[in-house]
> 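The following block contains the structure, expressed as structure tokens.
In this text, all values refer to a predicted model and were calculated from it rather than measured experimentally.
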Amino acid sequence: QVQLVESGGGLVQPGGSLALSCAASGIIFNLYDMGWYRQAPGKQREWVATTTAGGNTNYADSVKGRFTISRDNAENTVYLQMNSLKPEDTAVYYCRAELYFRGTLRSQYWGQGTQVTVSS
């Protein structure tokens, strides 16, 4: 059974920092691209950042320079360090695992989400 369990969300003041974690089980973690997505109230879920199985990282323009995604394959965990947080970063943050084979998405899994609220 595949599980992605996010943690680390909470309430933070603008300009502050939070670190999210996503612990995976039931998958061969180092084969998967791991991503973070977020969904604000009344908005569609949007992509935030990805770390690929090969170790590359990519970021949405809205978080570039403020957020850092990383992974620990030994711990089957992906992290999202969020700095200089803004009220518009307020959302439920979701972890996603994606397995690609020959360029085609073969399987994907989502975590249950963790709430991040940026407010004074």
> Does this structure show an ion pair linking Lys64 with Asp61, if we count only N-O contacts that are shorter than 4.0 Å?
yes
> Testing the basics here: between Val118 and Lys86, what is the closest heavy-atom pair and its distance to 0.1 Å?
CB-O, 3.2 Å
> Taking atom types as modelled and ignoring hydrogens, do the side chains of Ser107 and Tyr32 form a donor-acceptor contact shorter than 3.5 angstrom?
yes
> For the pair Arg96 and Glu98, evaluate side chain to side chain contact (heavy atoms under 4.5 Å, CB included) and give the outcome as yes or no after the intermediate values.
CA-CA 7 Å; Arg96 180 181 180 187; Glu98 305 171 335; 2.8 Å; yes
> Give me the atom names and distance for the closest heavy-atom approach of Thr90 to Ala40.
O-CB, 3.6 Å
> With rounding to the nearest 0.5 angstrom, report the CD to CD1 distance, Gln81 to Ile69.
12.0 Å
> Side-chain heavy atoms nearer than 4.5 Å, only ILVMFWY residues, links allowed to pass through others: does that put Val116 and Leu4 together?
yes
> Tell me whether Trp110 is reachable from Tyr100 by hopping between hydrophobic residues (I, L, V, M, F, W, Y) whose side-chain heavy atoms are closer than 4.5 Å.
no
> Check whether any side-chain heavy atom of Cys95 sits under 4.5 Å from a side-chain heavy atom of Val78, and report yes or no.
yes
> If two hydrophobic side chains count as joined below 4.5 Å and joins carry through other members, does Trp36 share a cluster with Leu85?
yes
> Drop me the distance from Asn76's CG to Gln3's CD, to the nearest 0.5 angstrom.
12.5 Å
> Look at Asp89 together with Arg66 and state whether they make a salt bridge at an N to O cut-off of under 4.0 Å.
yes
> So, the side chain of Arg45 versus the backbone of Gln39: is there a donor-acceptor pair under 3.5 Å, distance only?
no
> Within the side chain of Glu6, is there an N or O that forms a donor-acceptor pair under 3.5 Å with the backbone of Gln112?
yes
> Out of curiosity, Tyr37 OH to Trp47 CH2, how far, rounded to the nearest 0.5 Å?
8.0 Å
> Between Leu18 and Gly8, which heavy-atom pair has the shortest distance, and what is it?
CD2-O, 3.8 Å
> Ignoring hydrogens and geometry, is there a side-chain-to-backbone donor-acceptor pair from Thr52 to Gly54 under 3.5 Å?
yes
> Can you give me the closest heavy-atom contact between Ser17 and Ser84, atom names plus distance?
OG-N, 4.4 Å
> Any donor and acceptor pair, going by atom type alone, linking the side chain of Asp72 with main-chain N or O of Thr77 inside 3.5 Å?
no
> Distance-only, no hydrogens or angles: does the Gln13 side chain make a donor-acceptor pair with backbone N or O of Ser120 under 3.5 Å?
no
> Quick one: do Tyr94 and Leu20 end up in the same hydrophobic cluster if we chain Ile, Leu, Val, Met, Phe, Trp and Tyr together by side-chain heavy atoms under 4.5 Å apart?
no
> Look at the aromatic rings of Tyr93 and Phe67 and report parallel, tilted or perpendicular, splitting at 30° and 60°.
tilted
> Just wondering, more than 12 heavy atoms not from Leu11 lying within 6.0 Å of its CG?
yes
> Show the numbers, then the answer: is there a side chain to side chain contact (heavy atoms under 4.5 Å, CB included) between Arg38 and Ser62?
CA-CA 12 Å; Arg38 65 187 182 186; Ser62 59; 3.5 Å; yes
> Should Thr117 and Val12 count as side-chain neighbours, where that means a heavy-atom distance under 4.5 Å?
no
> Side chain to side chain contact (heavy atoms under 4.5 Å, CB included), that's the test. Do Val2 and Ser25 meet it? Break it down for me.
CA-CA 6 Å; Val2 178; Ser25 60; over 6 Å; no
> Just by distance, do the side chain of Arg71 and the backbone of Phe29 share a donor-acceptor pair under 3.5 Å?
yes
> Would you sort out whether Asn56 and Thr51 count as a side chain to side chain contact (heavy atoms under 4.5 Å, CB included), showing the intermediate values?
CA-CA 6 Å; Asn56 295 317; Thr51 173; over 6 Å; no
> If you group Ile, Leu, Val, Met, Phe, Trp and Tyr by side-chain heavy-atom gaps below 4.5 Å, do Ile28 and Tyr109 land in one group?
yes
